[in-house]
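A short worksheet on the structure shown next.
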Amino acid sequence: MQAETLFSKIWQRHHILTDEDESLLYIDRAIAQENTYHAFVALEAAGRRVLRPRQVWCFTDHYVPTTGRAQGLAGIPVAEIRGMVEKLQDYARRHGTHLYGIDHAQQGIMHVVPPELGLVQPGMALIGNDSHTSTHGAFGCLAFGVGASEFAHVMATQTLWQRRPSTLRIRVDGRLGFGVSAKDLILSIIATIGADGANDHAIEYAGTAIEALSMEGRMTVCNMSIEAGGRAGLVASDDTTFAYLEGREQSPRGAAWERALDRWRALRSDGPAVFDREVRLDAATIPPTVTWGVSPEHALPVDGCVPDPSRAGDERREAQWRTAIDYMGLVPGMALTDIAVDRVFIGSCTNARIEDLRAAAAVARLGKAQVPTWVVPGSQGVRRQAEAEGLDRIFTAAGFEWRDPGCSLCTAINGDQLAPGERCVSTSNRNFRNRQGPGGRTHLASPAMAAAAALHGRLVDVRRLGAPD
Amino acid sequence: MQPFTTVTGIAAPIDEANVDTNQLCPTRFNKVPRGPRYREILFYDQRVDPQGQRTGFLLDREPWNRAQILVADANFGCGSSRETAVYALDEFGIRCVIAPSFGDIFDANCAKNGLLTVVLPAPVCARLRERLHANPAAPVTVDLAEQVVVDPEGGRHAFTIAPIRKRCLLNGFDDIARTGEYASRIEAFEAAHRAAHPEMFPDETSA
Ligand code: SF4
């Protein structure tokens, strides 16, 4: 028998047929957000209905406010924003899909809630109308984002045409150092291979450092696969995965659970399986990492300096670095830890799970926020858990603002946004220009690093917290 | 879907790498229903400054305000999956984007809307952009049937494209109709898949 990769095994079990260079794949589950209304419009314009409504899940996250939620929909003051939530809810009801509306007890970000519900399981093919659908590959499934047309196609047929991507294995062995998290790991990976380093590839993350990560950490890594251009990111399921899934609302139970476990255990790359490309990193060499520019590949160790464009190596890159440094309002050669910040955002589908909030709270305990700092949990489930653990009180005691779940300042579309020129340390995934509001400046960092920046009003090395300045 | 055969027209150079879909369609415009408003939305934050003043961005200048082709740099269309980025290009009148590489999801979104993405080597794209800066009105031709880009000096640059994508673009085929031809095979597959993986379909097993 030929040795196969995990990706290939999942691809095969969903492969219906091939037409020249495209394959028609069966899609087990599809997840959506407010912007998916464009897909519903296209679907209805084609005279179609959702074929398998029980395989489609709709979430309200991008446009929901992070305060004043007791009033539900009526609490959204801007009619256009309210309309987006309303439209998705209406379409979802009309087509009979699952709906986690603004009032739902499990409302939250579309990449935070599904794992909590146990609806993402090893071996599945899952698509979402959102690029960070790659998050769910942390469960050893094939998960990726698609646009509105492709999403409409899935709703109409429960299938999708795909070109088979190449495979890339990123192997990280060794142990992450003190103060170094999954976020630092994935930022280092992107800085190493580039923002288009994995274009047209499905990435499998492997190695002892990946195996040692919790499900939250694996989700953080897979989440940002798209920031390296990857079509998808996967981690083979193991006992950590199974322990996470056991007993969740949508997880199989009893004898079905035992049968599922048997199948899931076989879902890993065979030892001799060959990948199209391999990249290796040593976990011990990865420091806390932050971005200085306007692409996630503009990431450096926090104890480094803003790079000098004249040393970029080639003209194109030199011009890119100049534009980035100019936009970010920085000076080449300045220490990253000399960068003063205006605000801090702890949230998003990259880093707003319970473990992320615990890491941020552990730092928040040590002092007081010097700049406005928001903590936005990824879901109502995370919010409740954090409150049960008293994390909300730690945050508020440190002067951090504890808000309601949603995408918030990650994409700045619900009304939460940076002012032009404002500089924010953010645990989200994109430092693109204008991402957090027109003219806003973003430094991506881990939850612990973000909390540390809040306490000092500038970027700091979380490993040196408590050490004399 | 409008078929794509050959386009000869004004081409605008976009020099920056990693142009993300948020630049093509800033997030706050995702609310806008598909339609002519998207013509103004394309690259909005570069065309209009925070005070509401026009910046004189190249797509607002003659002749590039009539561009049908963009010549860009690496990783064009990375980031968010928003198809509104393609709506914006489409409404502006862009039929083809030439770049050394594209964001995966953006690339697929273009194809589903009849826009052609052409991959040419980075040095070829860079030279083409230089020529367009020097001579903005010089037309570029993109011939899909022949799989060739003809630059203003008549230089020919062959490109590859997946055969199925070429066929769909040339004919303006719509995917849902194409898939419909395989209805019986899909049904048979689905029945077998559900039987083999009952754990994924609890609604059916508990019913
Ligand atoms: S948190 Fe940010 S990246 Fe994640 S789904 Fe929401 S907007 Fe997208």
Side-chain angles (χ1 to χ4, degrees), chain A residues 13-14 16-17 19-22 24 26 28-29 35 38 41 46 48 54 80-81 83-84 121 123-124 129-131 145-150 152-153 156-159 161 163 195-196 199-200 229 231 250 252 256 259-260 263 295 316 319-320 323 411-413 420 430 432-435 438-439, chain B residues 15-18 20-23 26-28 30-31 33-34 45 50 73-75 78-84 86-87 101-106 108-109 112-113 122 126 162-165 167 174-180 182-183 185-186 189-190 193 196-205:
Chain A
R13 66 147 79 165
H14 294 90
I16 303 169
L17 56 92
D19 180 7
E20 292 186 44
D21 55 316
E22 282 190 350
L24 190 64
Y26 189 79
D28 299 315
R29 290 179 179 180
N35 288 315
H38 289 291
V41 169
R48 306 291 288 246
R54 303 320 286 167
E80 257 195 318
I81 294 178
M84 289 298 282
Q121 296 162 17
M124 283 184 170
N129 183 211
D130 189 280
S131 57
V146 301
S149 295
E150 292 193 316
H153 184 275
T157 67
Q158 209 56 39
T159 67
W161 292 100
R163 247 176 319 140
D196 61 352
N199 278 18
D200 273 320
R231 181 91 57 89
Q250 301 279 330
R259 277 198 306 275
R263 291 164 189 281
S295 162
R316 267 180 59 228
Q320 286 166 27
T323 322
T411 187
I413 188 60
R430 287 190 174 136
F432 297 163
R433 276 182 293 180
N434 307 312
R435 167 83 178 182
Chain B
D15 292 324
E16 236 182 283
N18 297 321
D20 62 274
T21 53
N22 180 58
Q23 294 184 53
T27 311
R28 60 193 182 281
N30 282 338
K31 300 190 281 295
R34 188 168 194 168
D45 287 338
D73 201 353
N75 208 23
C78 60
S80 152
S81 62
R82 67 190 64 178
E83 204 155 307
T84 51
V86 180
Y87 302 169
S101 60
F102 290 95
D104 266 2
I105 305 176
F106 171 80
N109 289 345
K112 306 302 173 193
N113 287 277
I164 193 78
R165 177 178 290 192
R167 186 150 56 86
D174 154 87
D175 259 6
I176 295 184
R178 173 183 163 212
T179 308
Y182 298 107
R185 286 179 68 182
I186 296 171
F189 180 94
E190 188 180 49
H193 184 65
H197 301 286
E199 73 276 10
M200 291 190 210
F201 304 96
D203 279 12
E204 280 97 84
T205 44

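The chains referred to below are lettered A, B, ... by the order of the sequence lines, with proteins before strands, and numbering in each begins at 1.
- Partners of A:Ser149 by side chain to side chain contact (heavy atoms under 4.5 Å, CB included), not counting sequence neighbours, listed by chain and number: B:Glu83, B:Lys112, B:Asn113.
- The choice from B:Arg34, B:Arg82, B:Gln23 that makes the most heavy-atom pairs within less than 4.5 Å of chain A is B:Gln23.
- The residue among B:Gly103, B:Ala196, B:Ala126 with the most heavy atom pairs within less than 4.5 Å of chain A is B:Ala196.
- Heavy atoms of other residues, nucleotides or ligands lying less than 6.0 angstrom from CD of A:Glu20 number more than 12.
- Interface remark: B:Pro26 contributes no atoms to any contact with chain A (heavy atom separation under 4.5 Å).
- If you measure heavy-atom distances from A:Val146 to chain B, the contacts under 4.5 Å come from the backbone alone.
- With a 4.5 angstrom heavy-atom cutoff, A:Asp19 touches chain B via backbone and side-chain atoms both.
- Remark: the backbone N or O of A:Arg433 is paired with a side-chain donor or acceptor of B:Asn22 at under 3.5 angstrom.
- Distance CG/B:Asn75 to CG/A:Asn199: 5.0 Å, rounded to 0.5 Å.
- Of the inter-residue distances, the one linking B:Asn109 atom CG with A:Glu150 atom CD reads 6.5 Å to the nearest 0.5 angstrom.
- Smallest separation of non-hydrogen atoms from A:Asp196 and B:Ala74: OD2-CB, 4.1 Å.
- Of the listed residues B:Arg28, B:Arg185, B:His193, B:Lys31, the one with more heavy-atom pairs under 4.5 angstrom with chain A than any other is B:Lys31.
- Contact annotation for A:Leu17: both backbone and side-chain heavy atoms come within less than 4.5 Å of a heavy atom of chain B.
- Contacts between B:Asp175 and chain A at a heavy-atom distance below 4.5 Å involve backbone atoms as well as side-chain atoms.
- Minimum interatomic distance between B:Asn30 and A:Asn35 (heavy atoms only, all atoms of both residues): CB-OD1, 3.3 Å.
- Between chain B and the residues A:Asn434, A:Ile81, A:Thr323, the largest count of heavy-atom pairs under 4.5 Å involves A:Asn434.
- Heavy atoms closer than 4.5 Å to chain B are found in the side chain of A:Gln121, but not in its backbone.
- With chain A as partner, the option from B:Val86, B:Thr21, B:Asp73 having the largest number of non-hydrogen pairs under 4.5 angstrom is B:Asp73.
- Contacts of A:Ser295 with chain B are made by side-chain atoms alone, with heavy-atom separations under 4.5 Å and no backbone atom involved.
- No other option in B:Ala183, B:Ala122, B:Ala17, B:Cys78 has as many heavy-atom pairs under 4.5 Å with chain A as B:Ala17.
- Residues passing the ring-ring contact (aromatic ring centres under 6.0 Å, His included) test with B:Phe102, sequence neighbours excluded: none.
- Heavy atoms only, all atoms of each residue included: B:Ser81 and A:Asp130 are closest at OG-CA, 3.3 Å.
- Counting heavy-atom pairs under 4.5 Å between each of B:Thr27, B:Ile105, B:Ile164 and chain A puts B:Ile164 at the top.
- Of all non-hydrogen atoms in B:Ser80 and A:Ser131, the two that sit nearest each other are CA-OG, 3.7 Å.
- Here the closest heavy-atom approach between residue B:Phe189 and residue A:Arg13 is recorded as CZ-O, 3.4 Å.
- With hydrogens and angles disregarded, no donor-acceptor distance shorter than 3.5 Å links the side chain of A:Arg259 to the backbone of B:Glu199.
- Atom CZ of B:Arg167 is separated from atom CD of A:Glu22 by 9.5 Å, given to the nearest 0.5 angstrom.
- For the atom pair OH of A:Tyr26 and NE2 of B:His197, the computed distance is 11.0 Å after rounding to the nearest 0.5 Å.
- The candidate with the highest count of non-hydrogen atom pairs below 4.5 Å against chain B, out of A:Arg435, A:Arg48, A:Arg29, A:Arg163, is A:Arg29.
- For A:Met84, the part lying near chain B is the side chain, with the backbone staying farther off; criterion is any non-hydrogen pair under 4.5 Å.
- A donor and an acceptor atom, one from each side chain of A:His38 and B:Thr84, are nowhere located under 3.5 Å apart.
- Closest heavy-atom contact between A:Arg430 and B:Gly79: NH2-C, 3.0 Å.
- Atom CG of residue B:Asp174 and atom NE2 of residue A:His153 lie 8.0 Å apart, to the nearest 0.5 angstrom.
- Looking at A:Ala156, the atoms closer than 4.5 Å to chain B (heavy atoms on both sides) all sit in the side chain, from C-beta outward.
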